[in-house]
Structure formats: C-alpha cells, structure tokens
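Each ligand, and each atom within it, is numbered from 1 in the order the structure gives.
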Amino acid sequence: MRTNQPKTIYLSEYRVPAYLVDTVDLRFELFEDGARVHSTLSVRRNPESEAGAVPLELDGDSLKLESVSLDGVPLAQGQFEDQGDRLVVSQVPESFELTVVTWIEPQNNTRLEGLYKSSGMFCTQCEAEGFRCITFFPDRPDVMSRFRTRIEADSKSYPVLLSNGNDVERGDLPDGRHFVTWEDPFPKPCYLFALVAGDLVEKRDSFKTCSGRDIDLRMYVEPRNAEKCDHAMDSLKRSMRWDEEVYGREYDLDIFMIVAVDDFNMGAMENKGLNIFNSSCVLASQETATDLAFQRIEAIVAHEYFHNWSGNRVTCRDWFQLSLKEGFTVFRDSCFSADTGSPTVKRIEDVTLLRTAQFAEDAGPMAHPVRPSSYMEISNFYTLTIYEKGAEVVRMIHILLGPEMFRKGSDLYFERHDGQAVTTDDFLQAMEDASGRDLSQFRRWYEQAGTPVLEVSDEFDANACVYRLSIRQQIPDTPGQTNKQPQHIPFALGLLGNRGQALPLRLVAGEVDAPAERVLELTETEHTFEFHGIDEHPVPSLLRDFSAPVRVRYPWSREQLLFLMSHDPDGFNRWDAGQRLAVDVIQELVGASKDVAVDPRLVTAYGHLVSDASLDQALVAKMLQLPSEAYLIELADAADAPAIHAARERVVKHLAIALRDELVACYRRNAESEAYQVTPEQIARRSLRNTALSWLLLINDEEGRELAVRQFRDADNMTDRMGALRALVNSDYEDERDRVLSEFYTRFQDDPQVIEQWFSVQAASDRAGSLPQIRALLEHEAFDWKNPNKVRSVIGAFAGQNLAEFHRADGSGYDFLAEQVCRLDDSNPQIAARLVTPLTRWKKFAPAYGERMKAGLELIRDKSGLSRDVYEVVHKSLA
Ligand code: TYR
C-alpha cells in the first residue's frame, strides 16, 4: 500500500483485459472485529485479447487471503501467488470458476476506501480502486459483471442490509444474525458496487416513469436525521423527470436508494441503484442548512442520479476517460439546476468556480488535459479539470451543434454504447455521426492542458462603416506540453451602440436580418472579423454567457465596463463587466499608498445596484459580491496575498461607508418575514440582506450590529442565522463574536453538519482564525481527525479561504499545513493529498512567500513512508 517510488500509469499502455468476469457471487460475513468475504467469479478468457493463456492476475490491497479454489478444488501453495497488491493464479483453463476468501478489517479502515465503518454502520466506497480493498478482483472499469451479494450480520445492530439491484431473498440465521441477498441484473464494473449495513430509518416515496413503471424510492439515514430527507427526495424526483424530458432517459431498476454517511471522502457516489452520500451533501432542513447547501444538495442528487446513464449504463473504459462520465454529468446537472433556478445565476456560479479554481489548477504543477495521458494515483485526478472543464467542453459541443443535434448525438451515444465501457473519443464520434459536424480539431480540448488566452483588439473604420475585431489565441505551456495547436473555440459576442442598443452583426456588407448575437468559431491562431454597416465605435460584449473556458483580454475602459454593467443584454456579461471593474479598482490599490483613492465610479455603480429595486435582484445579489481574494490571486503575477486582502477590504469598507444608508435601506427592504422557501427570489433577498449586514459590520456600524444580533437571535433558517454569525465573526465586535459563537455551538452541538459550518466560519475568518485559534479548534471536543468533513472545515477552510492568515510572512501558516498533511497522510492519504493543493501554487506568489511555501512542500516530501497520493502531488509540485 505504501511505496516511495510509485509507478506512473500511461494511457498508451492500455490493453484490453486478458480475462473477463461474467458473474460475481459475493457473501459478506460482517462482524465487529472484521469481515469475511467469499467471492466466486465466473471467469473466461477475453476473445478480444491477444494475451492468450497468461496467468490470471487479480488486484488486491490490504487483504488477508484465507483460501483460493478453482472450479471447487482448493489450490495449494505454488498454484497461486499472493503478492499483496496482486493475486496471481498461474495455470487457468479457458473458463472457470474462482472462489477467493479474504478477511478484512473495516473497523480499522481510516482511508475510507473499500469497506469501512462510519458512525457504527458498514458502508463502501469503491471508485476508483476501492473494490480491491474488499476482495481480489480485476479492478478496472472495462471488466463488467453481474453481481449477486449476500450480506450476513447481527440483526439488532444491523437491521438494514443493502446492496445494488433488487433484494431477492432474506432470512434469519443462528446467533441472532440475519441475511439479505441482492441481485443486480445490469452488468457493471466493480467500482459501482456498494454495500451498506446499519441501524437506519427508511424514508419512502415513489416515482412513476414515462413508460408508467412505479419506482420505489428509499432514503436511509440515522434516526436523528429522519426529518432532513425531504429536499433530497424532492430533488431526486425532479431529476428523474428532467432526465426523461431532456434526454429521454428512463430509470431502469425497480428500486432507487440513497444512503447518508458521515464519514466520506468526497461528495457522493453513484453506485448502481444505491447512491451513497456524504451527509453534508444530502441532509437538509430549514433550520440547519443554508440556501447554498440546499442548492448543492439538489445538484449532487441530480448528478448522482444522472450517472445512472452517463456513467453506469455507459461507463469508462479506463480511468483516463474519467471526464467521459464526470464532465458530461456535471454538464447535465448544471443544465438541470439552471432549469430549476435562475440560468444566469447558475452560470455565474459555475464560471466563478471555474475561473477561480480550475484556471489555477490549469496554470499550476498538476495541470493535466481533460483526458490525461498518465497518472500515478488516480484519486488525484478527480479534479476541477476533469469535472468542471470537462463540463465546459461538453457545453461547447452543445453550442456548436445546437440543442437538437446535441440531443441526437446523446441518443446515439447511449444507444450505441449501452452496456459498454468506452472512451471520450466514442462520445465525440457519436456527436459527429449524429450531427455531421467535424469535431477533429475540437478533440484538442481533451488532449491539451492549459487555459487558452484570447487577445482581442479592434479598429473602427468610420469611413467604411466597418468594425474590425481581431482575436489571437495562445495556449500556455503546461508540465510536459509545449507548442500547442490552436483549439476550436465557440466565441459568442454582441456589439452595443452608444445608447445601449444591440447592433446587427453583418459579416458581409448589406446582409439583411443580421442577428444581434453570433457565435464565431475560432480555429486558427488568429482571426479578423469585419462587421459592416456600423456607424459608431461600438462597445464589444465578448464571450457571452462564457461560451468557452478561456481568458479574454480586451482593453475595456472603466467607462465601457460601467456601460456594459447597465446595458449588456447578456446577464452573464453584465455581471462580468462589474467583476472586471471591481478587479481593476482593487488591483490598482494593491500595495498602493493610502493616497490612491478608490475610484468613485465604483461607488456610483454599486450605489445603483444596492438601491434600484427594479433590477433583477438575483443578478444584483451576485453583482454585489466582489471578486474573491482567491480569484484576485489567480489573476495576479507574483501575488502578495496579505496586500490583496488589505486592498479588497479597503474597497469593501469604502463602499460600505459611502453607501451606509442605502445598505440599511436595502437590508430593511429585503428583511420582511415570509414563510421560508428555497426559490430564486427568496435566495436573492436573503443574499442581499446578508451582504448588506456583512458590509455594515465591517465598518463597525452600530445599527448594523443591532440588526445582526437580532437576526442571529430571531432567524428561522440557517441562511440568516449563519449570515448574522458570519458578519459578527468577521467584525471587530469581539464580545458579540464570542457570545454568538458559543450560543450557536450550544444550540447545534448534536448536529455534525451544522458544527462543520461552525468550524469553517471561524477557520475562514481573519478575525477568528489566527493560527493559535485554528490549533485550538483542532483540540475542540467536536473535532475528529477521522472525519473528512471536519478536517476540511478547519484545515481546508483555513488554507483555502483565510488567505491573509495562511500567507503570513513568517511562513507559519505553511508549516502548519505541512504538519497536518503529514499527520493525515498516515490515516487518509486521499484527504491529505487534497489538502496539499494550496502549497502546490507556490510559483504563483511573490518569492518571499513562494520560497516559504516550497519549504512546506519539502517538509512533506521528506516524511518517511509517504503515500502514493501525496507523493505524486508533492513531487510534481517541486519538479
Ligand atoms: N463519482 C463520484 C461523483 O459523482 C465522485 C467520487 C469519486 C466519489 C471518488 C467518491 C470517490 O472516492 O462525482
């Protein structure tokens, strides 16, 4: 399991499996001190393999082998070899039955891969390579088998026994034990296997599919969470309907189950018919979950459900193809969320994440293509590039083909590859075949890493009434990749006249009925487009709705940005103009003396947003959120995080002082009580009032303080209670801060999901999250090193959000993170490897910081027995 020089795996070395496994018969005997797994595989030589009569090799990890038999005959020593991470059976016939018995210790499994225990229940996580921690198996997604699973356990402690498919048999056993047998009729790769055993309550509902079949929907949670299932259940039913209506995809089993577990490395997992969720990504109630959590839950429930087709029915051939299922499924869940809420707001949220975190990844040492060509540890490749950039790539195909052809393409893809394990190329081929479009150049989006930069320049020829736009694309070098070829980029744009009118885009002189918006297709390094019949210098609105995951450089003046902020018909670009303006103003102040003033035009623009209730309030709520520190760092060269933090805070304070009365009025306008609902309108109102509150508290406004204290006390929902808490925690009112933090804790101490929020609001705060305070949180009774959510809510929030403290000039923040990574590496390498991320960006920062960050990485590198996960991240970052 531990190694100091992990092997690199290459896509070019892919070979079809030498053996296939048609059926898997599993029997789990679950006990408190371990579990015995009996596995019987029907194996046959793969007719498509050229390997011939080679030994059978099965993957394993941390298994204690008890016995092996072939066609019912026990194998003797010498007929097989247990190499620890591999079981090799040297002489096997063309087809045979292999039975392997292993002993594992779920109760000691802190990696949370394979079978483990969480709050007293047994659960599994097999993606990507966790099944090999359960039994010896060809643990690769292109081996698809039909599973039958019998689970045996104590009836009292584990009344609920679940696995994939349908329950076909159950009964009692001696010694107070019982069993249930599950059968999944659909062949699947072992990464989709799941098992749950626990004392859980069941919530039931049902769904009638488009063809009239009744599906039994069940959620299983710990008794204390019984009242927190409604939102997920409702999201599930809406997802099921949406996938029928938008993609023509019907659910295929008779039962669909969701289980919530507290200890989980990721968000959730799409195991066939038995999705397992991190509690924080599925449980919600008005009192305990914020609007953001409600939206996240809806998106993740949809995501896992959509995987039933994009991932399970059609799966990945190998892990290099991960974006085949993840990019496509993120695109699907993102469209679903857009359809249920505000499309513009959803787009803004997606792009914010992409530009802040994925662009940073793409510019850092771990940069990789959407389809990587090598890895050491696949767990490190569940990245923003695979997920979010992968989704953007599918979105571009949608733009290029249009909705109808795209649907034809997805129909063909599902039909052609149902039951198969395929590649991103197969996906593109289906899109090409259905639409007749040539996507050969487009394939480079999958092969080339790095964020393309588009330099845009223009020229207005008043005499000829021609406006010329030149666009040059350039793709930066990334580790192992230089001299990249131009990519195929859909570039949506419009042109605005002086009065804000949309100008017709005539690509040839005299064109009639020319549209006011076009999607230009960039394929060359440089293009020049001529727009005819233009009689004034227009203001260009570029890359509308963020039609491609690229950086656009165009020298907009601040006047032009203000103009776009109020006139651009594209809501996304209206928001983006505001962001660009704010970025420009803040950047001017970074490291500048106090004599440099905050541009008064920003105050005017924000004053307008705060006061004009006739504007789209959901969009306004987003526009009032100034660019984050993380985004400003991403945009900077030789970033100085504390200086960026100070400049940004100076701007917020300046706006808050100038707009103080407007903010109070905005708060009051949006504060009248109404029955809590998670609708776009209400979300916007809560967001506006909480933004107003946080700004007022930043300037120690007495009325603001009173409003916050009252809101904290009277709130009937977590969004408002947390909004008030956060505002107070980030204020200089120390007494109030301590008081509300302790009141909050007392009230919610029995609810781990809420306590996670309580941890992170402190860890992310430059007021409550100094290093000694962070260390104190790690000692807190509610902190638990074995629970990834707790680790993320303190250490992750500190290093990822509390940037002024994390980047202290003395390097103490970096050393602290290095120390925690080393500690976690022994118990949970996946989580440890993810926590390293902030340090990997050391080259982005001014040398005074960067050198200290690098020293932090070296500390980790020198730890003995480093996991493969952390090894890969650290070594690539230091290379
Ligand atoms: N496939 C999961 C998803 O839907 C992600 C996941 C990956 C979950 C690996 C757990 C895990 O260990 O996004």
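The contact set between ligand 1 and Glu304, taken as ligand atoms under 4.0 Å from a residue heavy atom, comprises 3 (C), 4 (O). The distance from ligand 1 to the heavy atoms of Lys325 drops below 4.0 Å at these ligand atoms: 1 (N). Using a 4.0 Å cut-off to heavy atoms of Glu270, the atoms of ligand 1 that qualify are 1 (N), 2 (C), 3 (C), 4 (O).
Ion pairing of Lys863 with Asp826 is present here, as a side-chain N (NZ or NE/NH1/NH2) and a carboxylate O approach within less than 4.0 Å. A salt bridge does not link Glu392 with Lys389: none of the charged nitrogens is closer than 4.0 Å to a carboxylate oxygen. Checked for salt-bridge contact, Arg792 and Glu756 miss the test: no charged N lies under 4.0 Å from a carboxylate O. Using a 4.0 Å cut-off between charged side-chain N and carboxylate O, Asp418 and Arg313 make a salt bridge. Salt bridge absent: Arg111 and Asp869 never bring a charged side-chain N and a carboxylate O closer than 4.0 Å.
The parts of Glu127 lying near ligand 1 are both backbone and side chain, judged by heavy-atom distances below 4.0 Å. Neither the backbone nor the side chain of Ser379 comes within contact range of ligand 1; no heavy atom lies under 4.0 Å.
Polar contact check, Glu326 against ligand 1: a nitrogen or oxygen pair lies under 3.5 Å apart.
Shortest contact from atom 8 (C) of ligand 1 to any protein heavy atom: Ala268 O, 3.3 Å. Ranking protein heavy atoms by distance to atom 13 (O) of ligand 1, first place goes to Tyr387 OH, 2.7 Å. Here the protein heavy atom with the shortest distance to atom 11 (C) of ligand 1 is Gln125 NE2, 3.2 Å.
Note on ring orientation: taking the six-membered ring where Trp is involved, the planes of Phe147 and Phe137 are tilted (angle from 30° to 60°).
Checking Glu113, Met266, His307 against atom 10 (C) of ligand 1, the nearest heavy atom belongs to Met266.
For the pair Arg332 and Phe328, the cation sits on the ring face: its NZ or CZ lies under 6.0 Å from the ring centre, inside 45° of the axis.
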